[in-house]
Structures are given as structure tokens and as C-alpha cells.
Amino acid sequence: MLSLLASLNQNESNHKMREKLSELLKVETSNLKFGAYLLDNNLQRMDSYLNNFDSLQSKIIQLKEKYHYQNRNEWSEYPEDCPHLVLFKSMTESTLSLCIDYEGGISPTDQALSPLIEDPMVYIEPEFAEEHEEYDYVDQNDEIHNKVLLTVLSTAWITAKGHECGLVVKTLENNSTQSFFLNDLKWNDFSKFQHFYDKSKPVRNLYKDTLDTEEIYRLVCKRWDR
């Protein structure tokens, strides 16, 4: 009975997240050229991520049980370092693979827990009259896609209590230094964990665990806000 109730509550929560994120995407794309295409792309991606939300939560729970502050000497190859967990992605895809960052050196992928999220491989484009329109469209599409991805990821991280691992956990884009830190839901130098290497105590999350979808989305967007 408890399991059924938890499932119903999760379904209701996912429904609310879907509705709110859909509203936010409609506002974001409403004044953009080719906005209808951008909206269609990213609503489909959102649906794919939310349809696999339970699996994502489950993998985050497995992550925090396998890698946490108290047992880091069991899995860390370099006990003298302060390892960060990395959700690694390419610049052109959203598939997230779990690795360990030993202060700059990245471990092989954890095959058992990867991918945490798979790219839905949705891409719809209009006909472009000029070459620059395609470049602009691709950039806008990638930007909105990343906002959707990180909003869903952050929500799963919070609801699965990922912070209980006591470690720095971040996304990292291939061939770049662009990182989003799940510990405070901030980008790069905006995060207090960008250069965090204190092994003396577990890392604690720096956000309210009652954040709603819109609040999470606004935090995610602070990389792109002009």
C-alpha cells in the first residue's frame, strides 16, 4: 500500500513538473524565430526524460550508495586527492556517463551506472533561407535542450536525496570547462564547489530541498541569462 501511494505521489509530481516545464518552454520560445520548432524539439525531449525519470532516480540512489564520503578509500584510486563525481557529456549529445575526477584526471566510465540519462535523439529543423539562421537555430536549440536536461536531472537529484553521498557532483562537457554543480545548482565560478578540495568533512547541499520546477529552471538558466 505504501509503495502504491509513493508511486501515485511520484506520478502526480511528474505531471506537475511536465506542466510547469512546458509552460516555461512556451514562454522561452514564444518570441524566437522558428520558436514552434524549438518548442516541439524540446517538449519531445522533456517527455523522453520524464518517461525515464524513475530510472534516473534509481541510478542516483545507486550512485550515492556506491560512492560516498565515508567509503571513498574503497573506490578512490588516489586517496590523497579529493575526488569529484562527474556526469560526463559530449557537447553535441545529452547522454550522461558517470566518471570520477581526481583533481583533473578523469577515470574510465562506470559502466554499471552509465548512462544515467540517454539522449532522446530528437532533432527537427525548419527550412532555412540563410546560412546564419541555421547556426542561430542550432545554438538556441542546444541551449534550451540543456536547460530541460539539467532541470530534470536536478529534480531527480533532489528527490533521490543525492546530496547524501557527501561528495562534489557535477556535469562536465567534453572539450570544455563548463560544469554545473548539483551541490548548489550553479555553474562554474558561480558555484562554491568549482575549486572545492576539502576532504575533512562531507559536502552539504546549499539549496532548499523544497525547490519547485520553476525555481530549479531559473537556477539552471543562470549560465545563459544575459
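A quick note: this is a predicted structure, and the numbers were derived from the prediction, not measured.
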Are the side chains of [X] and [Y] in touch, meaning some heavy atoms are under 4.5 Å apart?
X      : Y      : result
Val122 : His145 : no
Lys208 : Glu215 : yes
Leu96  : Phe88  : no
Thr29  : Phe34  : no
Val152 : Leu21  : yes
Leu98  : Leu116 : yes
Leu172 : Gln178 : no

Cluster check [X], [Y]: I/L/V/M/F/W/Y, side chain < 4.5 angstrom:
X      : Y      : answer
Leu85  : Tyr78  : yes
Phe181 : Tyr67  : no
Phe128 : Leu32  : yes
Leu219 : Ile144 : yes
Ile124 : Leu39  : yes

Return the minimal non-hydrogen interatomic distance between [X] and [Y], and the atom names on each side.
X      : Y      : result
Ser200 : Asp198 : OG-OD1, 2.6 Å
Gln194 : Asn188 : CB-O, 3.4 Å
Tyr207 : His163 : OH-CB, 4.4 Å
Lys64  : Ala160 : NZ-O, 2.8 Å
Pro115 : Thr95  : CB-CG2, 3.6 Å
Leu185 : Leu182 : CD2-O, 3.6 Å

With no hydrogens and no angle check, is any side-chain donor or acceptor of [X] less than 3.5 Å from a backbone partner on [Y]?
X      : Y      : value
Asn183 : Val169 : yes
Asn51  : Asp47  : yes
Asn52  : Ser55  : no
Lys59  : Asp54  : no
Ser107 : Cys99  : no
Asp110 : Ser97  : no
Ser154 : Leu150 : yes
Trp187 : Val220 : yes
Glu19  : Lys16  : no

Reported [atom1]-to-[atom2] distance for the pair [X] and [Y], which is rounded to 0.5 angstrom:
X      : Y      : atom1 : atom2 : answer
Leu24  : Met46  : CG    : CE    : 10.5 Å
Arg45  : Leu25  : CZ    : CG    : 10.5 Å
Arg18  : Phe53  : CZ    : CZ    : 11.0 Å
Asp142 : Asn146 : CG    : CG    : 7.0 Å
Phe180 : Thr171 : CZ    : OG1   : 7.0 Å
Gln57  : Leu63  : CD    : CG    : 13.5 Å

How about [X]: does its [atom1] atom have over 12 heavy atoms from other parts shown lying under 6.0 Å from it?
X      : atom1 : value
Phe190 : CZ    : no
Asp139 : CG    : yes
Tyr197 : OH    : yes
Glu127 : CD    : no

| message | Is it true that His132 and Glu130 share a donor-acceptor pair across their side chains at a distance under 3.5 Å? | response |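 There is such a pair (donor and acceptor under 3.5 Å, judged by atom type) between the side chains of Glu130 and His132.
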
| query | Between Tyr49 and Thr151, do the side chains contain an N or O donor and an N or O acceptor separated by less than 3.5 Å? | reply |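 Not at all, the side chains of Tyr49 and Thr151 share no donor-acceptor pair under 3.5 Å.
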
| request: Take Asn42 and Asn141 through the side-chain contact (heavy atoms from CB on, under 4.5 Å) test and state the conclusion after the steps. | output: CA-CA 8 Å; Asn42 289 290; Asn141 194 39; 3.3 Å; yes

Carboxylate-amine/guanidinium contact [X] [Y], below 4.0 Å:
X      : Y      : answer
Glu214 : Arg218 : yes
Glu77  : Arg72  : no
Lys33  : Asp136 : no
Lys147 : Glu28  : yes
Glu143 : Arg223 : no
Lys89  : Asp119 : no

| query | Hydrophobic cluster mates of Ile61, side-chain heavy atoms under 4.5 angstrom, ILVMFWY only, any path? | reply |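 ILVMFWY cluster around Ile61 holds nothing else.
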
| request: Take Val203 and Val168 through the side-chain contact (heavy atoms from CB on, under 4.5 Å) test and state the conclusion after the steps. | output: CA-CA 7 Å; Val203 173; Val168 173; 3.9 Å; yes

| Audit row: Lys170, Val86, side-chain contact (heavy atoms from CB on, under 4.5 Å) steps and yes/no | CA-CA 5 Å; Lys170 63 189 179 185; Val86 175; 3.7 Å; yes

| said: Before we go on, tell me: are the rings of Tyr102 and His84 under 6.0 Å apart, centre to centre? | reply: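 No, the ring centres sit 6.0 Å or more apart.
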
| side-chain contact (heavy atoms from CB on, under 4.5 Å) between Glu125 and Glu134, intermediate numbers included | CA-CA 9 Å; Glu125 66 175 22; Glu134 182 173 7; 4.0 Å; yes

| message | Would you call the rings of Tyr137 and Tyr123 parallel, tilted or perpendicular, taking 30° and 60° as the class edges? | response |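 Aromatic pair Tyr137/Tyr123 classed perpendicular.
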
| request: In sequence, state the C-alpha distance, the side-chain angles, and the governing distance for Glu23 and Lys20, and then conclude on salt bridge (Lys or Arg N to Asp or Glu O under 4.0 Å). | output: CA-CA 5 Å; Glu23 290 175 14; Lys20 175 51 68 175; 3.1 Å; yes

| ring pair (Phe, Tyr, Trp, His ring centres under 6.0 Å) with Phe196: which residues, sequence neighbours excluded? |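 With sequence neighbours excluded, Phe196 shows a ring pair (Phe, Tyr, Trp, His ring centres under 6.0 Å) to Phe193, given in chain and number order.
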
